[in-house]
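Right, one structure below, let's go through it.
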Amino acid sequence: MANDYLARLDAIRNLMAEKAWDVLIVSGSDSHVSEYVSDRWRGVRWLSGFMGEGDLVITQDHAGVWTDSRYFISGREELSGTGYELHEIRIPGAVDVPEWLAAHFMEEVDGDVVICVDGVTQPARSVLDIKKTFSAFGYEVDNDNMGLRIVSVPDVLELIWENRPAIPMSPIISLGEDLVGESRSSKIAWLRNFLEEEGYGAILVSALDEIAWLLNVRGSDIDCNPVVISYLLVTKSEVRWFVRKTAFSRLDEETMESFGELKEDGVEICPYGDVEIGISEIMQELGEALYVDVDHLNYNLFNIITGVGQEGSVVMGASPVAVRKAIKNEVEIEGMREAHFEDGLVMERFLYWLESQVEYSEGIDEWDAACHLNELRSEVEGFKGLSFETISAYGPNAALPHYVTPHRGAALLGDDGLYLCDSGGQYMYGTTDLTRTVPLGRCDSLEREDYTLVLKGHIDLAMAIFPKGTAGCHLDVLARNPLWRNKRNFGHGSGHGVGFFLNVHEGPQGIRQDYNEQPILPGMVVSDEPGMYREGSHGIRHENLLLCRDAGENEYGSWLKFEVLTLCHMDTSIVDIQLLTDEELDWLNEYNERVYDQLGPYLPREVAHWLYRKTRPLEREKF
């Protein structure tokens, strides 16, 4: 397969030479700057074989993939022999793409540096960063005679990618207020109120989960993400939804019904490809500015929007939809609780099965385990698919934070060491995401210590009480401190936002070291997932979802806390109790007791008896 990637790299370089491009950048995103993408926009994977999230840069003498620590180990293996080098980002001393490019071409400043991007998939923000960096290095930017020139070629990979997948077009469903707690008319009215208060004439919404939330629609255009590939343009008098499925003669019954409901609420259904002309028309009619979120805008649309209007006709800023969507209403909160109850029943049945298989069967592998868990979830009423591809990893494979479980040749589960399973489901009434690290038998002292230190960090974050206005980046240290005290760390965030029957990764909230001024607010859902990874040995992660709630007021202000949504016991069999404080031990015992009390009555008898034993209080030895 490496030969295929080398051949594709040669084809790209031949095309670059023909077109006089010095650089080709291939984004790992799509037209909406999505984190997860459909097969059509997996150009990085098709060109290089890299399976993770990252961007690709090709020159005539270098080809590289820029990615973060989640993919360092697996990325080096995947890129071996392909002609691509892995570049590490989000670590001390990292050199990001703009700086690398500017430095790489410093000696050629006397001539043009021509960078080609696919304007349809290249984020506008990244191009602006490249221009700013080149300017700081002394280049003339957007100068036709010398300096840096950015060439936008929409769908540039079409020139060499045969049988490229089409833009997906899945059935669309409409959700009622009984499921989501607020009508689309109410949400549109709120958005128009934002326009009125800020003095804008219209807003372009391009983030797919924001569109799905605003219109109360869901689809399956991207695996595990129940979104519809589309754009939404809202003015003070119109709502235009630019979406793929517009020919009523070819629509499925469910989509036709959903479109009918949308049209009754004043939503005009427009062809997806008409978004550019639609925006141009609106901007020529508007007497006020168009508001856009440049972080979810591709470079092609950015050029059109900034090129049509007069000075001041476009205002760029953070979408107001993101925060409001992240704050779940009471109906959504109850739905999330229901989803975690149903998911907890699934997980306990799975973990009981897993232990039985390891002990009594001839052997199961990582893929067998993932398939069985997926089957159990599929039996739940309201299940709509996985919230991400299940990570089923045993032993050294668990040291890869985003391990991709192979369908064939997966590792057999043994009767010792640690097995990590990170999984979740999409339900009509909520989204789940949890990780359990399971001892399959004997574990050595280092595994026990790492397991307990990660668990301490998980508990400390879950127990947090903090002043209203606290940002997630200020809470991140709680999950890391037990590891830091022992000079250990992990490379990913401690937590991310989670949507309601939407994307399992949701912003703007998060719990990570990167500075993010967004406070954690009541109604937001975040994950709690510290980890520990030892290459070639083992990986550990403990993950629950937390709901931010009010914790009262006093003379020092308003206070917040977390409610644990996830219901699945924490295995205590290898916990080093001496490393836990009394408060952490009490939390662990109370959590496991709550899991049994809530799930036990609804589990098969043999599973309930097993869970009873697994959730017995962990006690210190008395001398």
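Just so it is clear, the model here is predicted, and its values are computed rather than measured.
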Short question: side chain of [X], backbone of [Y] - any donor-acceptor pair under 3.5 Å?
X: R349; Y: L376; value: no
X: N298; Y: V120; value: yes
X: D433; Y: S387; value: no
X: T435; Y: D422; value: no
X: D118; Y: D155; value: yes
X: D365; Y: W367; value: yes
X: S29; Y: S34; value: yes
X: D96; Y: E99; value: no
X: D221; Y: S170; value: yes
X: T566; Y: L545; value: yes

| Where do L79 and S48 land on the side-chain contact (heavy atoms from CB on, under 4.5 Å) test, with the steps shown first? | CA-CA 7 Å; L79 295 178; S48 69; 3.9 Å; yes
| request: Determine, stepwise, if the pair E506 / E210 fulfils side-chain contact (heavy atoms from CB on, under 4.5 Å). | output: CA-CA 10 Å; E506 173 181 83; E210 294 182 13; over 6 Å; no
| query | Between T431 and Q426, does a side chain to side chain donor-acceptor pair (under 3.5 Å) hold up when you go through it step by step? | reply | CA-CA 5 Å; T431 299; Q426 295 284 8; 2.7 Å; yes
Between side-chain atoms of residues 442-450 and protein atoms elsewhere (two or more places apart, or another chain), which donor-acceptor pairs fall under 3.5 Å?
from: D444; atom 1: OD1; to: L446; atom 2: N; distance (Å): 3.1
from: D444; atom 1: OD1; to: E447; atom 2: N; distance (Å): 2.8
from: E447; atom 1: OE1; to: D444; atom 2: N; distance (Å): 2.9
from: E449; atom 1: OE1; to: R488; atom 2: NH1; distance (Å): 3.0
from: E449; atom 1: OE1; to: R488; atom 2: NH2; distance (Å): 2.3
from: D450; atom 1: OD1; to: R488; atom 2: NH1; distance (Å): 2.6
from: D450; atom 1: OD1; to: R534; atom 2: NH2; distance (Å): 3.3
from: D450; atom 1: OD2; to: R534; atom 2: NE; distance (Å): 2.6
from: D450; atom 1: OD2; to: H538; atom 2: NE2; distance (Å): 2.9

Side-chain touch [X]/[Y], heavy atoms, less than 4.5 angstrom:
X: S69; Y: E88; value: no
X: L547; Y: R337; value: yes
X: R218; Y: M428; value: no
X: Y71; Y: M51; value: no
X: N544; Y: F562; value: no
X: E359; Y: D415; value: no
X: R480; Y: N489; value: yes
X: S126; Y: V97; value: no

| task | I would like to know whether H492 and Y533 meet ring pair (Phe, Tyr, Trp, His ring centres under 6.0 Å); could you show each step before the answer? | result | CA-CA 11 Å; H492 54 75; Y533 311 96; 5.5 Å; yes
| salt_bridge(R164, E158) N-O dist < 4.0 Å | yes
| request: Indicate yes or no: does D10 engage R13 in a salt bridge with an N to O separation below 4.0 Å. | output: no
| query | Yes or no on side-chain contact (heavy atoms from CB on, under 4.5 Å) for F500 and V525, after CA distance, side-chain angles and deciding distance? | reply | CA-CA 9 Å; F500 170 83; V525 175; over 6 Å; no
How far apart are the closest heavy atoms of [X] and [Y], and which atoms are they?
X: W41; Y: I229; value: CZ3-CD1, 3.6 Å
X: L86; Y: R76; value: CD1-N, 3.8 Å
X: L567; Y: F341; value: CD1-CA, 4.0 Å
X: D368; Y: W353; value: O-CH2, 4.2 Å
X: L420; Y: I540; value: CD1-C, 4.0 Å
X: V153; Y: C116; value: CG2-SG, 3.7 Å

| said: If the test is ring-ring contact (aromatic ring centres under 6.0 Å, His included), which one of W610, Y591, Y596 qualifies with H569? | reply: W610
| For the residue pair H104 and H62, does the interplanar ring angle fall in the parallel (under 30°), tilted (30 to 60°) or perpendicular (over 60°) class? | tilted
| Aromatic rings W161 and W46: how do their planes relate, parallel, tilted or perpendicular, breaks at 30° and 60°? | parallel
Going from [atom1] on [X] to [atom2] on [Y], what distance comes out if it is rounded to the nearest 0.5 angstrom?
X: L413; Y: I364; atom1: CG; atom2: CD1; answer: 4.5 Å
X: R436; Y: S423; atom1: CZ; atom2: OG; answer: 9.5 Å
X: W66; Y: I89; atom1: CH2; atom2: CD1; answer: 10.0 Å
X: E338; Y: Y429; atom1: CD; atom2: OH; answer: 5.0 Å
X: Q357; Y: L354; atom1: CD; atom2: CG; answer: 8.0 Å
X: Q509; Y: C473; atom1: CD; atom2: SG; answer: 13.0 Å

| said: Working note: V454 + L483, criterion side-chain contact (heavy atoms from CB on, under 4.5 Å); need CA distance, chi angles, decisive distance, verdict. | reply: CA-CA 7 Å; V454 174; L483 289 164; 4.3 Å; yes
| Any chance CD of E381 has more than 12 other-residue heavy atoms, nucleotides or ligands included, within less than 6.0 Å? | no
| request: Taking atom CG of D223 as the centre, report whether more than 12 heavy atoms of other residues, nucleotides or ligands fall under 6.0 Å from it. | output: no
| request: Would you please test D576 and T452 for side chain to side chain donor-acceptor pair (under 3.5 Å) and show each step? | output: CA-CA 6 Å; D576 184 345; T452 308; 5.7 Å; no
| Does the side chain to side chain donor-acceptor pair (under 3.5 Å) test come out yes or no for T572 and N592, once each step is laid out? | CA-CA 10 Å; T572 61; N592 276 345; 5.1 Å; no
| task | Apply side chain to side chain donor-acceptor pair (under 3.5 Å) to E366 and Y403, showing your working. | result | CA-CA 11 Å; E366 298 164 326; Y403 176 65; 2.8 Å; yes
| message | One pair to check against ring pair (Phe, Tyr, Trp, His ring centres under 6.0 Å): Y36 and H505. What are the steps and the verdict? | response | CA-CA 9 Å; Y36 297 102; H505 288 173; 5.7 Å; yes
